[in-house]
Engineer: 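Could you have a look at this structure, given as structure tokens, before my questions?
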Amino acid sequence: MDYNLVLPSHRGALSTGCRRFWNPAIPIEMNAAMTRPVRTRFAPSPTGYMHIGGMRTALFCWLWARHTNGRFILRIDDTDQERNVESALAPIFRAFRWLGLDWDEGPEQGGPYTPYYQSQRGHLYQAAVEKLLAAGKAYRDFETPEQIAADRQQAEANKVPYLSSRRSLSLTPDQIAVHQQSGQPSVVRLLVPRDRKVAIDDAVRGHVEWDCGLMPDPVLQRSNGSFLYNFATVVDDAQLQITHVIRAEEHLTNTAVQVLLYEALEQSPPTFAHIPFITAPGSTKKLSKRDLEKLRKNPGLQKLFDRADVVFPQLSLGDSTTLSPVMVEYYEQMGYLPAGVLNGLARLGWSLDDKTEIFSRDDLIREFSLERINKSSAAFDADKLLSFQAHWMSQLSLDEKIDGCWPFLKRAKLVQDWFPAGEIPESCPVDRRGWLGELLTAFGDRLKVFSDILDTQDFFVADTALVYEEKAYQKKIVEAPEAKEILQALTIELAACQPFDAPTLEQRVHAFVETRGLKFNQVIQPLRIALTGKTAGMGLFETLVLLGQDRCLSRLRHLISRLPV
RNA sequence: GGCCCCAUCGUCUAGAGGCCUAGGACAUCGGAUUUUCAGUCCGAGAACAGGGGUUCGACUCCCCUUGGGGUCACCA
């Protein structure tokens, strides 16, 4: 009966943002504001990389805080990490900064509830354990692991749910003292009230309840004195005054214990919002870093892995093994825009209406709400992400594109020849922006992510170092006996072309085709290969102009010289 | 297996009992533009898991079945 306390009385506050209990007469924001300012948190472990799914959870937490004018807190779950926390955290902070998810309290930021590292908050957990012990809401358990395992087996054999034996509960104070003095290991367990239920009104899942009679007593403190995640989280969330716990659905089951803990600690539980997780493309299983090899074979991810193997080595960043598509850093290093990633992530499990797909960061802040998060899991879709990305790329000015591409050109050592004297500057020098701008203009929408600029490397390499695409070369040059003669004549034609600009060139080439009674493609294709090594690419006449007359002629001659007499 | 969650085009989703002949986006396939590719424009195919109720009426509410998933630690 007790459990009623958790529910109706708190319903208004607990169900903030939940459409099921939403009273249309009261705006949601008002509802939240009437209770207390929203505080959300994201609590990453120092794993050495930022997972794309975790990033989406963090985004939702951040958006809810920003939308409600509340605060977003970063707390580090480093309870079982030893050293190198700093270096394992760096990529995580980097991901947050890259996407522009700033935190109001946390590492490097401080705040009223410092420290924000769980490893430094042990005194709080200790105090909470003692409080619970003193109140008889938790107990010291001397049961050995062997006994517990045996009980478990027994329960399984009898096909009844396993429950803690609670044998230690019948120990007298004297016996306990003896046990402790003799160094008998013990843990602290919460005394679960078995005669009732716990329930929450989840902001996305609605009413969920569990029967306490089916729950073993959870360990709060290990025999070595350290604390369990479930317990530390509750103590922290309560102490940090978190109002909305927004986290992945896998934590839903944990919530039963956590709510019990809030009650035992005489704290009112926050609103929970268990968001659906992201699954691997074409799968219903959680997208995880595990089974990288399996993910590599996933048809929906293969393109991303393959692209990594093409791009990252050129940037001296390893390959798809070092940076895989489940890591946020993959997208950063690949030259995605924060706007593209944010847009894509936000639309996984959340939508505004029946037609809006494009959201800027500010749009998201304005429109985001817990009530429009849906319940079923969402598959990661690399194609759709790329289409968001392409959209945001198309919104950039030419200068922004130049600045975005520059680091890639630099890292790939494509512009080294421009600076024979030494150091390559951090940003593209003024006297090179004109040409690069023309290149980018001609390249157009083919630039979807900044690293796509590497596909224009034919424009940067030496004329004699050009690599010809094998298939195209065979088909259009080797197997076309007239190709050589055409190219020879064309070389003479182009050498005479003045001015060397697109309209003039186009006119000259058309005239060339006509007077010789050729088909346009017979001329165009071999020319393309001579200039760029490929048959696909940007406009041919732009290509000619970009390369300039000298380099065009030099490339033509180079190709002709390779052909048999 | 126990407990819990979920179920609309291939994918992300809209749908709050009649606005549904189920809408949009990505992807796919046509067509147009064009020197290739990309883009752009136009168009096409493509879904309510099944069965029972409730109701004048069910994608929508209830129940069951089926399917999928999560979780059951002195992990986080």
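In what follows, every chain begins at residue 1, and chains take the letters A, B, ... in the order their sequences are listed. On a predicted model such as this, the values are computed, not experimentally measured, just so you know.
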Engineer: Less than 4.0 angstrom from a charged side-chain N to a carboxylate O is my criterion; do A:Arg189 and A:Asp141 meet it?
Structural biologist: yes
Engineer: With a 4.0 Å cut-off on heavy atoms, is A:Asp354 in touch with a base, just the backbone sugar-phosphate, or nothing at all?
Structural biologist: base
Engineer: Closest approach to the side chain of A:Arg347, judged atom by atom: which nucleotide of B:C12, B:C26, B:U35 is it?
Structural biologist: B:C12
Engineer: When the distance from CE of A:Met538 to P of B:U36 is rounded to whole Å, what number comes out?
Structural biologist: 16 Å
Engineer: Can you tell which of B:A76, B:A38, B:G68 lies closest to the side chain of A:Thr284?
Structural biologist: B:G68
Engineer: Using a 4.0 Å heavy-atom cut-off across all strands, classify A:Ser223 as base, sugar-phosphate, or nothing.
Structural biologist: base
Engineer: How far does the C1' atom of B:A73 sit from the matching atom of B:U54, given to the nearest Å?
Structural biologist: 46 Å
Engineer: Applying the side-chain hydrogen bond (donor to acceptor under 3.5 Å, both in side chains) criterion to A:Glu143, which one of A:Ser165, A:Ser164, A:Ser168, A:Ser186 satisfies it?
Structural biologist: A:Ser165
Engineer: Would you say the ring centers of A:Trp350 and A:Phe60 fall short of 6.0 Å from each other?
Structural biologist: no
Engineer: Could you measure between the two C1' atoms, the one in B:C19 and the one in B:U11, and give it in whole Å?
Structural biologist: 27 Å
Engineer: B:G10 C1' sits how many Å from A:Lys384 NZ, rounded?
Structural biologist: 13 Å
Engineer: Provide the distance between the two C1' atoms, one in B:C26 and one in B:A14, to the nearest whole Å.
Structural biologist: 15 Å
Engineer: Touch check for A:Asn224, heavy atoms < 4.0 angstrom, all strands: base, sugar-phosphate only, or nothing?
Structural biologist: nothing
Engineer: Given atom NZ of A:Lys303 and atom C1' of B:A27, what is their separation to the nearest angstrom?
Structural biologist: 8 Å
Engineer: A:Val219 side chain: which of B:U36, B:C4, B:C74 is closest?
Structural biologist: B:C74
Engineer: Specify the residue among A:Pro161 and A:Gly282 whose closest nucleotide of RNA chain B lies further upstream toward the 5′ end.
Structural biologist: A:Pro161
Engineer: Across all strands shown, which nucleotide pairs with B:U35 by Watson-Crick or G-U wobble geometry, both distances under 3.5 Å?
Structural biologist: none
Engineer: What's the closest nucleotide to the side chain of A:Lys448 if the choices are B:A38, B:G24, B:A14?
Structural biologist: B:A38
Engineer: Between B:G69 and B:G53, how many Å separate the two P atoms, rounded to a whole number?
Structural biologist: 31 Å
Engineer: Quick one: label A:Leu252 by what it contacts on the DNA or RNA (base, sugar-phosphate, nothing), any heavy atom closer than 4.0 Å.
Structural biologist: sugar-phosphate
Engineer: Take atom CD of A:Gln389 and atom C1' of B:A38, then tell me their distance rounded to the nearest Å.
Structural biologist: 15 Å
Engineer: Mark yes or no: A:Arg75 above the aromatic ring of A:Tyr116, with NZ or CZ under 6.0 Å from the six-membered ring centre and no more than 45 degrees from the axis.
Structural biologist: no
Engineer: Would you say the base of B:C4 and the side-chain of A:Thr253 have a donor-acceptor pair closer than 3.5 Å?
Structural biologist: no
Engineer: By nearest heavy atom, map A:Ile524 and A:Arg189 onto RNA chain B; which one lands nearer the 5' end?
Structural biologist: A:Ile524
Engineer: Check this one for me: any side-chain N or O of A:Asn230 less than 4.0 Å away from OP1 or OP2 of B:A76?
Structural biologist: no
Engineer: Which part of the nucleic acid, if any, lies within contact of A:Gly344, taking any heavy atom under 4.0 Å across all strands shown: a base, the sugar-phosphate backbone alone, or nothing?
Structural biologist: nothing
Engineer: Does B:G43 pair with anything, Watson-Crick or G-U wobble, both distances under 3.5 Å, and if so, with which nucleotide?
Structural biologist: B:C29
Engineer: Report yes if at least one side-chain N or O of A:Ser376 is closer than 4.0 Å to OP1 or OP2 of B:C5; otherwise report no.
Structural biologist: no
Engineer: What interatomic distance, in whole Å, is found between P of B:A49 and the corresponding atom of B:C59?
Structural biologist: 10 Å
Engineer: What's the closest nucleotide to the side chain of A:Lys285 if the choices are B:G69, B:G70, B:G39?
Structural biologist: B:G69
Engineer: Considering only the P atoms, how many Å lie between B:G24 and B:C61, rounded to the nearest integer?
Structural biologist: 23 Å
Engineer: Counting only side-chain N and O atoms of A:Arg372, is one of them less than 4.0 Å from OP1 or OP2 of B:A16?
Structural biologist: no
Engineer: Just compare B:G70, B:U35, B:C74 and give me whichever is closest to any side-chain atom of A:Lys286.
Structural biologist: B:G70
Engineer: Using whole Å, report how far CD of A:Glu250 lies from C1' of B:C72.
Structural biologist: 14 Å
Engineer: Counting heavy atoms from C-beta on, name the nucleotide in B:A76, B:U35, B:G70 closest to the side chain of A:Asp77.
Structural biologist: B:A76
Engineer: What's the separation between atom OG1 in A:Thr441 and atom NZ in A:Lys401, rounded to the nearest 0.5 Å?
Structural biologist: 8.0 Å
Engineer: Suppose we define a pair by two distances each less than 3.5 Å, Watson-Crick or G-U wobble; what does B:U66 pair with here?
Structural biologist: B:A7
Engineer: Rounded to whole angstroms, how far apart are CZ on A:Phe541 and C1' on B:C37?
Structural biologist: 15 Å
Engineer: Is the distance between the ring centroids of A:Phe520 and A:His510 less than 6.0 Å?
Structural biologist: yes
Engineer: Side chain of A:Lys375: nearest nucleotide among B:C6, B:U13, B:U71?
Structural biologist: B:C6
Engineer: Would you measure the distance from the C1' atom in B:U34 across to the matching atom in B:U13 and give it in whole Å?
Structural biologist: 35 Å
Engineer: Evaluate the side-chain proximity of A:His274 to A:Thr255: yes if any heavy-atom separation is below 4.5 Å, no if none is.
Structural biologist: yes
Engineer: Output the rounded distance in Å from CG (A:Leu345) to P (B:C12).
Structural biologist: 15 Å
Engineer: With hydrogens left out and only the distance checked, is there a donor-acceptor pair under 3.5 Å joining A:Arg528's side chain and the base of B:U35?
Structural biologist: yes
Engineer: Does B:C56 pair with anything, Watson-Crick or G-U wobble, both distances under 3.5 Å, and if so, with which nucleotide?
Structural biologist: B:G18
Engineer: So if I take every side-chain heavy atom of A:Phe277 and compare against B:C74, B:G70, B:U35, which nucleotide ends up nearest?
Structural biologist: B:G70
Engineer: Can you find a side-chain donor-acceptor pair between A:Asp77 and A:Gln118 that sits under 3.5 Å?
Structural biologist: yes
Engineer: For the base of B:G70 and the side-chain ring of A:His274, does the geometry meet a stacking cutoff of under 5.5 Å between centres and under 30° between planes?
Structural biologist: no
Engineer: Are A:Cys497 and A:Thr504 close enough that some pair of their side-chain heavy atoms sits under 4.5 Å apart?
Structural biologist: yes
Engineer: Distance between the P atoms of B:C12 and B:C72, in whole angstroms?
Structural biologist: 26 Å
Engineer: Would you call the rings of A:Tyr229 and A:His251 parallel, tilted or perpendicular if under 30° counts as parallel and over 60° as perpendicular?
Structural biologist: tilted
Engineer: Remember a base hit wins even if backbone is also touched, and classify A:Glu357 as base, sugar-phosphate or nothing at under 4.0 Å, heavy atoms.
Structural biologist: base
Engineer: Which is true for A:Gly537 with a 4.0 Å heavy-atom rule: it touches a base, it touches only sugar-phosphate, or it touches nothing?
Structural biologist: base
Engineer: Would you kindly give the CZ-to-P distance between A:Arg152 and B:G2, to the nearest whole Å?
Structural biologist: 17 Å
Engineer: Paired with B:G2: which nucleotide, if any, by Watson-Crick or G-U wobble criteria at under 3.5 Å for both distances?
Structural biologist: B:U71
Engineer: From the set B:G39, B:U36, B:A27, return the single nucleotide nearest to any side-chain atom of A:Arg446.
Structural biologist: B:U36
Engineer: Please classify the nucleic acid contact of A:Leu228 as base, sugar-phosphate, or nothing, using heavy-atom distances under 4.0 Å.
Structural biologist: sugar-phosphate
